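Shown next, in structure tokens, is the structure this report addresses.
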Amino acid sequence: MKIKILVLYVFLSALCFGQNQIYINQITTTGTTTIVQTGSVNKIGSSGTPSEITSDNLSFEMRQVGDNNEANFSMIGNNLTLKSITTGNSNNLKMFTNGANNDIDLT
């Protein structure tokens, strides 16, 4: 009985470390936003709809660590700084920006 409980616990724990999905729709005038996802099969965006930030003077950092992660992101505004760090294998990143004086750093 204890072995069955242990196996179930390990199985449920494994599910907690992957397959996270977040959708962001943020409208702001200024600020700093950071998102970190660790594990596999994580998503930023929802069902083909990109997450969106509409702002001026915003610094945004996104980190995805793991394999088979996806990001679908749209940033609209002026003086935006985007830093995206993605590590792992078979990751898919889609980024759209619109505005003036924007800076994008993809690693």
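Note that the structure is predicted; figures quoted are calculated from it, not measured.
- No side-chain heavy atom of Glu70 sits less than 4.5 Å from a side-chain heavy atom of Ile44.
- Here the shortest heavy-atom pairing between Pro50 and Phe73 reads CB-N, 4.1 Å.
- Between the side chain of Gln37 and the backbone N or O of Lys43, at least one donor-acceptor pair lies under 3.5 Å.
- When atom types are taken as modelled, the side chain of Asp56 and the backbone of Thr29 share no donor-acceptor pair closer than 3.5 angstrom.
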> Given the rule in the side chain to side chain contact (heavy atoms under 4.5 Å, CB included) test, do Asp67 and Ser90 qualify, once you have shown the distances and angles that lead to the verdict?
Replying inline: CA-CA 6 Å; Asp67 299 330; Ser90 301; 5.7 Å; no

>> Go through it in stages, so that I can follow the logic: the residues are Glu61 and Thr33, the test is side chain to side chain contact (heavy atoms under 4.5 Å, CB included), and I'd like the CA-CA distance, side-chain angles, deciding distance and then a yes or no.
In response: CA-CA 6 Å; Glu61 182 175 333; Thr33 303; over 6 Å; no

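- For the atom pair CD1 (Ile24) and CD1 (Ile53), the distance works out to 6.0 Å, reported to the nearest 0.5 Å.
- Under the 4.5 Å side-chain heavy-atom criterion for Ile, Leu, Val, Met, Phe, Trp and Tyr, Phe96 and Ile35 are members of distinct hydrophobic clusters.
- Put simply, the residue from Asn69, Thr38, Asn91 that forms a side-chain contact (heavy atoms from CB on, under 4.5 Å) with Gln64 is Asn69.
- Proximity of a side-chain donor or acceptor of Thr107 to a complementary backbone N or O of Ile85 within less than 3.5 Å is not detected.
- No side-chain heavy atom of Leu58 sits under 4.5 Å from any side-chain heavy atom of Thr32.
- Distance alone, capped at 3.5 Å, is enough to place a donor-acceptor pair between the Asn78 side chain and the Ala100 backbone.
- Within the 4.5 Å cutoff, no side-chain heavy atoms of Phe60 are placed close to those of Leu80.
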> Are Leu82 and Met75 close enough, and set up right, to give a side chain to side chain contact (heavy atoms under 4.5 Å, CB included), and what steps lead you there?
Replying inline: CA-CA 9 Å; Leu82 167 65; Met75 293 184 69; 3.9 Å; yes

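- Exactly one of Asn79, Asn101, Thr28, Thr30 qualifies for a side-chain hydrogen bond (donor to acceptor under 3.5 Å, both in side chains) with Asn57. That residue is Asn79.
- Looking at Asn72, its side chain never comes within 3.5 Å of a backbone N or O of Leu93 through a donor-acceptor pair.
- Taking both residues in full, the closest heavy atoms of Ser51 and Gly45 are given as OG-N, 3.4 Å, listed atom of the first, atom of the second, then distance.
- Among residues two or more places apart in sequence or in another chain, the side chain to side chain contact (heavy atoms under 4.5 Å, CB included) test is passed with Asp103 by Thr81.
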